Each structure stands twice: as structure tokens, then as C-alpha cells.
Amino acid sequence: MANGITNLTTATFDETVNSSSAPVLVDFWAEWCGPCKQIAPILEELAGELGEQINITKLNVDENPEIAMRFSVMSIPTLLVLQDGDVKKKIVGAKGKGALLQELDEFLATSH
């Protein structure tokens, strides 16, 4: 875990997502993806600010293509919010911090 963000792999994905009591946001990204690099610091900020309300994770699609295929991730960055193992929200493309907070509001205990 770095900066409050857990890096997932094919081996750790199911255990992490299914064992979390909080919603899990998975950032599907790749090293070569410019917009992915733009939202990375925003996700780090959110991980610090939101604490245990939501579990923020990242999954490198080049290193773990099976998981990306399972969730039909066709473009990146794609953010999935999973709760109880089910996809509750899909956010495609880079967004600013305010827009992301608005998208995640339904999963947070307190409004921002």
C-alpha cells in the first residue's frame, strides 16, 4: 500500500474486493496512459481524505489483463466501485477531484 492506495493483482483482486466492508474503488490504469497519470494524485488525495469510507485501489491492466477483461474495461482510466463483490458504479475517463467526489457521494457516509 502506498499513499493509502492498495495495488491489486490478479492474485489479490478477489480477496481484497470481497473481504472489504467498505466500498472498493478500483482504478484500472497503465503506465503509458497520460490521463491515468493525471488522476493518480487526485486518487491519493481522496485516499487520504476519505480514509475508511472507501477503499481505493489500483490495478495495472497490462500486468493483469484477466481482471480488465472480466469487467469489460475497454478504455482507461476506468474506475469501478464494487460493494459486496458487485459493480455498483463505473466511471470512465479522467475527472477532476470535485467531479469524482460527486460521483462517489452515494458511497460516502458524509457529504462533501
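All of these numbers come straight from a predicted model, not from anything done at the bench.
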Exercise. Atom CG of Leu8 and atom CG of Asn55: how far apart are they, to the nearest 0.5 Å?
Worked result: 8.0 Å
For this session: Just grab all the side chain to side chain donor-acceptor pair (under 3.5 Å) pairs involving residues 30-41, residues at least two apart or on different chains.
Result: Trp32-Asp62
Exercise. What are the two closest non-hydrogen atoms of Ser19 and Glu15, and how far apart are they?
Worked result: OG-O, 2.6 Å
Exercise. Should side-chain heavy atoms under 4.5 Å link Ile, Leu, Val, Met, Phe, Trp and Tyr, which residues sit in the same cluster as Trp29?
Worked result: none
Exercise. Could you give the distance from CG (Asp27) to OG1 (Thr57), rounded to the nearest 0.5 Å?
Worked result: 8.0 Å
Donor-acceptor pairs under 3.5 angstrom involving side-chain atoms of residues 64-74: please list them, not counting sequence neighbours.
from, atom 1, to, atom 2, distance (Å)
Asn64, OD1, Thr10, N, 2.9
Asn64, OD1, Thr10, OG1, 3.2
Asn64, ND2, Asn60, O, 3.1
Glu66, OE1, Thr10, OG1, 2.8
Arg70, NH1, Asp14, OD1, 2.9
Arg70, NH2, Asp14, OD1, 3.3
Arg70, NH2, Asp14, OD2, 3.1

Exercise. Which heavy atom of Val81 sits nearest a heavy atom of Pro23, and at what distance?
Worked result: CG1-CB, 4.0 Å
Exercise. What distance separates Leu59 CG from Thr16 OG1, expressed to the nearest 0.5 Å?
Worked result: 10.5 Å
For this session: Taking all non-hydrogen atoms of both residues into account, name the closest pair between Cys36 and Ala30 and its distance.
Result: SG-N, 3.9 Å
For this session: Would you list the pairs meeting ring pair (Phe, Tyr, Trp, His ring centres under 6.0 Å) in which at least one residue belongs to residues 72-102, sequence neighbours left out?
Result: none
For this session: For residues Pro77 and Ala94, report the shortest heavy-atom separation together with the two atoms involved.
Result: CG-N, 3.7 Å
Seminar exercise, completed: Between Gly85 and Asn18 the two heavy atoms that sit nearest each other are CA-OD1, 3.5 Å
For this session: Nearest 0.5 Å please: distance from the CG atom of Leu104 over to the CD1 atom of Ile91.
Result: 5.0 Å
Exercise. Which pairs, with at least one residue in residues 73-91 and sequence neighbours excluded, count as a salt bridge (Lys or Arg N to Asp or Glu O under 4.0 Å)?
Worked result: Lys89-Glu103, Lys89-Glu106
For this session: Give, for atom CG of Leu25 and atom OG1 of Thr6, the distance between the pair rounded to the nearest 0.5 Å.
Result: 11.5 Å
Seminar exercise, completed: When rounded to the nearest 0.5 Å, the distance separating CD of Glu49 from CD1 of Ile42 is 11.0 Å
Exercise. Any side-chain heavy atom of Leu101 within less than 4.5 Å of one from Leu50?
Worked result: yes
For this session: Not counting sequence neighbours, which residues clear side-chain hydrogen bond (donor to acceptor under 3.5 Å, both in side chains) with Glu45? List them please.
Result: Lys97
